[in-house]
Number of protein chains: 2
Amino acid sequence: MMPRWEPDGVGRLQAAAFELFAEQGFERTTVAEISRRAGLTQRTFFNHFADKREVLFGLGSEFQREIVRELVACAGTLPPLDAVVRALQAASDAMFEERRAVVKRRYEIIAANPELQERELRKQAELTDAIAAALRGRGLDPETALLTASAGMLVQQTAVRRWTQPAESRPLRELLSDALHSLRTIAAHATDQWVASPET
Amino acid sequence: MMPRWEPDGVGRLQAAAFELFAEQGFERTTVAEISRRAGLTQRTFFNHFADKREVLFGLGSEFQREIVRELVACAGTLPPLDAVVRALQAASDAMFEERRAVVKRRYEIIAANPELQERELRKQAELTDAIAAALRGRGLDPETALLTASAGMLVQQTAVRRWTQPAESRPLRELLSDALHSLRTIAAHATDQWVASPET
DNA sequence: GACGTTGATTGCACAAACTGAAATCAATGA
DNA sequence: TCATTGATTTCAGTTTGTGCAATCAACGTC
């Protein structure tokens, strides 16, 4: 019946941390403070999160599962990079599109602190690896898989950057298409001869 | 004449840290230990480096200056991405090519520790921004500049990854050309129609 | 040659991030 | 009834990182 503790300790810690980081910044917030607001102890915080940064990155693994799911579900006839961007579009529709405000505030928190930016970059790298693994599962060689996954994530970052800007109001799905188009244009802009190694 | 202290404290700290990280790993090495081996104190370590990770990233800023220098020096007629890869080739020739062994050991140390990987990613992001700034200086709009710089860094990472593998013996310059070619192939592999947004 | 300034280094005291180990105690189920 | 489970707590400890004042050889100036 009556549980021994208030439910959802993890959620309370995440919410408390989000509020405090937004109010007074990441550095000026201590783990003790977060835990106190959530009605828990510092030690409990570290039972749930490996470190102070990690509390902001709960959605990451969900997004990763979603993308990989979409990617393996997607028809194998599509060129790899298109398949990746398709999966990103589907996952973004499912998880980002309706939460623009929250996602944006979260990015502002991260943008305001170098440590958090580092962690964000690491999460993106892990996601890149997961996508590359899925592509290898489709038969791509490891090199191409990783390069394709990286290019896909580059498209994702470009699109999300615009999506979180005040002036922008178009759906993330469209911005992903645009970013892919931009990357293609930049990559195709010249022939290889300019950078060929001299007399190999 | 006789200096008050042994010369090059920074260099001694870097060397001591490099050795200890290689011997026993990053986590199992304390700052006190590094400082002791360098004949200095912990406090002095933190006078020179903002944190424990930073001691491994001294060359980063040099490489950044070198690339930007090459980039602004390079003829403005070249397509942006080609100019970036050209600059990377020049900088790599000047700073990496003859130190393969050291660079490789350094990457092994970084690969063995998540915290160091995060810092490495941050340095790459900073380098990306510096390249983008140089491209804006050439008249590119900010969006394209950042995307081009990111694509260039993707080429760089792909090339360096191969360069540090045991089987590989070709010069980094060539691997950069190859990686650029791979990226172009992947990007060009299909038309945009597949990912166009449905009935906007 | 006296003398003030500079600057790399140090000692000390301290906040905050993390960790390992043992203890608590409602809930659960056999 | 009773052993087990598991989220939470307490506590003691290590390590990272910082602020501040002090040291003292070297250096330039008068």
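For the numbers below, each heavy atom of this structure counts, side chains included, while hydrogens, waters and symmetry mates do not. Every value quoted in this text rests on a predicted model; they were computed, and no experiment measured them.
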Subject >> Worked check of side chain to side chain donor-acceptor pair (under 3.5 Å) between A:S182 and A:T185 >> reply: CA-CA 5 Å; A:S182 297; A:T185 305; 6.0 Å; no
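Between A:L13 atom CG and C:dC18 atom C1' there is a gap of 16 Å when expressed in whole angstrom units. Atom pair B:R119:CZ and D:dG17:C1' shows a separation of 13 Å (rounding to whole Å applied). Nucleotide C:dG20 holds its P atom 13 Å from the CZ atom of A:F46, rounded to whole Å. Computed from coordinates, the B:F45 CZ to C:dA8 P distance equals 17 Å when rounded to whole Å. Rounded to whole Å, the distance from CD on B:Q42 to P on C:dC14 is 17 Å. C:dT19 atom P lies 8 Å from atom CZ of A:R43, rounded to whole Å. The separation between B:W5 atom CH2 and D:dT23 atom P is 13 Å, rounded to whole Å. Distance A:L40 CG to D:dT9 C1': 10 Å, rounded to the nearest Å.
Side chain to side chain, B:T144 and B:D141 meet the donor-acceptor criterion of an N or O pair below 3.5 Å. In the model, A:E33 has a side-chain atom that pairs as donor or acceptor with a side-chain atom of A:Q24 under 3.5 Å. Residues A:T30 and A:Q42 bring no donor and acceptor atom of their side chains to less than 3.5 Å of each other. Side-chain N/O atoms of A:Q157 and A:Q124 include a donor and acceptor closer than 3.5 Å.
Remark: the backbone N or O of A:R170 is paired with a side-chain donor or acceptor of A:E168 at under 3.5 angstrom. The closest donor-acceptor contact from the side chain of A:R138 to the backbone of A:L71 lies under 3.5 Å.
Checked for salt-bridge contact, B:R106 and B:E120 meet the test: a charged N lies under 4.0 Å from a carboxylate O. Ion pairing between a basic and an acidic side chain is recognised when a charged N comes within 4.0 Å of a carboxylate O; B:R86 and B:E70 show no such pairing.
For the segment residues 47-59 of chain B, residues with any heavy atom less than 4.0 angstrom from an atom of DNA chain C are, sorted by number, B:N47, B:H48. Of the residues in residues 21-31 of chain A, A:T29, A:T30, A:V31 come within less than 4.0 Å of DNA chain C through at least one heavy atom, sorted by number.
Distances shown here put every side-chain N or O of B:T41 at or beyond 4.0 Å from the OP1 or OP2 atom of C:dT9.
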